[in-house]
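Report on the following structure.
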2 protein chains.
Amino acid sequence: MAAPPNDTRDRIAQAAGELFRRQGYSATGLQQIAAASQARIGSIYHFFPNKDALAEAVIRAGGAAYGAMVLALLEHGPDDPVEALGAAFARAADDLAATGYADACPIATIALEVASTNEPLRRATAEVFTAWTDGLAAWCARFVADPEGARDLATAILTSLEGAFMLSRALRDPGPLLAAGRSVTRLATAMRTDPAGTPP
Amino acid sequence: MAAPPNDTRDRIAQAAGELFRRQGYSATGLQQIAAASQARIGSIYHFFPNKDALAEAVIRAGGAAYGAMVLALLEHGPDDPVEALGAAFARAADDLAATGYADACPIATIALEVASTNEPLRRATAEVFTAWTDGLAAWCARFVADPEGARDLATAILTSLEGAFMLSRALRDPGPLLAAGRSVTRLATAMRTDPAGTPP
DNA sequence: GTCTATATACCGATAGAC
DNA sequence: GTCTATCGGTATATAGAC
């Protein structure tokens with residue numbers, strides 16, 4: 001999407017991100033990352049001092065990219081924000097099913113693994129979640145006047161998405177993601193300040 | 001709560017469950033489980049054929065216990081179901097903070113780790129999530145007449161709880177859990193069929 | 001910057017004494 | 001049913017040639 005140079009460092013980071021999100025941080029070995037990125041272990045250590053540093057780079061870069069992608073999806077979707085929300089959840093369900101229920105949130109698995117065991121990585125995931133919430137809250141503020149209400153709705157969108165990703169992956173069924181979409185659009189409708197475009 | 005006999009098998013399963021939920025499945029070694037349960041590795045292999053079998057037993061037993069606990073919390077809370085929901089989320093936030101943001105959902109971390117890598121364990125987590133959804137849907141059916149609506153609300157409660165657990169653990173902040181509680185109660189209010197007890 | 005070889009430690013699992 | 005010793009394999013990380 002953005003970065004053109006397919007150099008070794010990028011290949012390593014991308015392969016690591018894909019493996020971390022699918023099977024978790026602990027279960028992914030450096031040998032596997034090297035094989036997936038067609039690099040040598042020595043090259044990984046040339047670009048990253050250790051596995052934790054690689055993970056932190058992957059969390060921050062992948063988090064920024066995913067947040068930008070979601071916001072772009074909302075902004076370039078239907079004009080009505082509630083419809084855009086519903087379309088985004090439907091799109092997430094399609095994409096998840098298309099990858100065999102493998103690729104959902106890029107940092108969710110790592111976030112749970114490190115929350116109580118690795119403070120630097122926990123902090124990295126926290127900063128990504130906070131940035132996502134900020135971005136969503138700014139988008140929600142377009143149709144929810146109360147700033148606290150906009151932030152609550154943003155949190156509801158993000159937590160519903162994360163939880164629905166978890167259930168849909170475990171069940172191998174888009175149902176939870178679609179149900180979460182229905183609930184979030186209903187909630188957004190109830191919270192929207194400006195009811196323009198809503199027929200009686 | 002239920003089982004009185006503190007025999008070796010129970011100690012192993014309980015210690016394994018605690019470690020799995022806090023730091024994940026892959027990151028937890030049998031040596032650590034043995035140390036935490038004051039058993040020997042040989043004893044673990046006496047009761048469970050391998051690590052996967054231990055995990056499956058932990059997922060199913062822990063899942064059943066947690067589901068029963070949540071339903072009991074809802075049923076023995078305030079008479080008004082919406083108030084009971086809000087109290088349950090507030091209670092979850094208190095409990096999470098009290099454990100240093102360590103003990104949230106007993107199977108969430110494992111579920112994400114195994115969703116794409118371990119089919120028997122993935123199936124175990126799916127069955128637990130389905131049982132939870134069924135139980136919640138039955139409870140929701142008390143005040144939401146439409147069965148599909150009750151099931152959607154049950155899914156919304158569960159996905160919001162899981163996603164909010166994730167964010168609250170990562171941020172070390174009860175905020176997301178409390179915000180999810182506000183959103184879920186608002187949603188339940190909008191969906192409730194019987195508005196008895198709701199003052200104007 | 002790339003690659004090989006290796007150090008050290010721990011992994012899950014097994015065998016067998018008691 | 002409990003415990004010790006140990007197997008083969010892999011983990012992260014390092015040293016150093018090229």
Side-chain angles (χ1 to χ4, degrees), chain A residues 3-59 61 109-110 113-114 116-122 124, chain B residues 3-59 61 109-110 113-114 116-122 124:
Chain A
N6 189 19
D7 60 6
T8 306
R9 202 196 124 107
D10 275 4
R11 291 205 322 274
I12 291 170
Q14 176 147 356
E18 203 164 299
L19 290 166
F20 288 161
R21 89 163 68 178
R22 290 186 186 194
Q23 59 188 17
Y25 180 57
S26 300
T28 302
L30 296 179
Q31 273 196 102
Q32 193 179 8
I33 295 171
S37 60
Q38 289 190 289
R40 296 294 114 86
I41 290 207
S43 297
I44 299 180
Y45 279 99
H46 174 72
F47 292 108
F48 305 95
N50 52 48
K51 195 189 175 187
D52 274 15
L54 168 60
E56 183 167 339
V58 164
I59 289 167
T109 311
I110 311 183
E113 285 182 280
V114 304
S116 303
T117 60
N118 189 320
E119 183 62 14
L121 291 188
R122 189 225 108 219
Chain B
N6 188 19
D7 58 8
T8 306
R9 203 196 122 105
D10 276 3
R11 289 204 323 274
I12 292 170
Q14 175 145 359
E18 202 162 302
L19 290 166
F20 289 161
R21 89 161 71 178
R22 291 187 185 194
Q23 58 186 25
Y25 180 58
S26 300
T28 303
L30 295 178
Q31 271 196 113
Q32 193 179 9
I33 295 171
S37 59
Q38 289 191 290
R40 295 293 114 90
I41 289 205
S43 297
I44 298 180
Y45 278 99
H46 175 72
F47 292 108
F48 305 95
N50 51 45
K51 195 189 176 188
D52 274 14
L54 168 59
E56 183 166 341
V58 163
I59 289 167
T109 311
I110 311 183
E113 285 182 280
V114 304
S116 304
T117 60
N118 189 318
E119 184 60 16
L121 292 188
R122 189 226 107 217

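Reminder, nothing fancy here: chain letters follow the sequence lines and each chain counts from 1.
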> Can you tell if the side chain of L30(B) reaches within under 4.5 Å of the side chain of Y45(B), non-hydrogen atoms only?
Replying inline: yes
> According to a strict under-4.0 Å criterion, is T8(B) in side-chain N/O contact with OP1 or OP2 of dG1(D)?
Replying inline: no
>> Please pick, from dT2(D), dG1(C), dC3(D), the nucleotide with the shortest atom-to-atom distance to any side-chain atom of R40(B).
In response: dC3(D)
>> Applying a 4.0 Å non-hydrogen cut-off, can you work out what S26(A) is touching in the nucleic acid: base, sugar-phosphate, or nothing?
In response: nothing
>> Please check this pair: side chain of Q23(A) against backbone of T117(B), looking for a donor-acceptor N/O pair closer than 3.5 Å.
In response: no
> Considering only side-chain heavy atoms of Q31(A), which listed nucleotide, dT10(D), dA13(D), dG1(D), is closest?
Replying inline: dT10(D)
> Are any non-hydrogen side-chain atoms of E119(A) and R122(A) less than 4.5 angstrom apart?
Replying inline: yes
> What's the NZ-P distance between K51(B) and dT14(C), to the nearest Å?
Replying inline: 15 Å
> If you check the Y45(A) side chain, which of dA11(D), dA13(C), dT14(D) turns out closest?
Replying inline: dT14(D)
> With a 4.0 Å cut-off on heavy atoms, is F47(A) in touch with a base, just the backbone sugar-phosphate, or nothing at all?
Replying inline: sugar-phosphate
>> For the CD atom on Q38(A), are there more than 12 heavy atoms of other groups (residues, nucleotides or ligands in this structure) within a distance under 6.0 Å?
In response: no
>> If you assign A39(B) and D52(A) each to the DNA chain D nucleotide with the nearest heavy atom, which residue ends up on the more 5' nucleotide?
In response: A39(B)
>> Distance check needed: dT4(D) C1' versus H46(B) NE2, whole Å only.
In response: 17 Å
> Between dC3(D), dG1(C), dA13(D), which one does the side chain of I41(A) approach most closely?
Replying inline: dA13(D)
> G42(A) near the nucleic acid: base, sugar-phosphate alone, or nothing, with a heavy-atom cut-off under 4.0 Å?
Replying inline: base
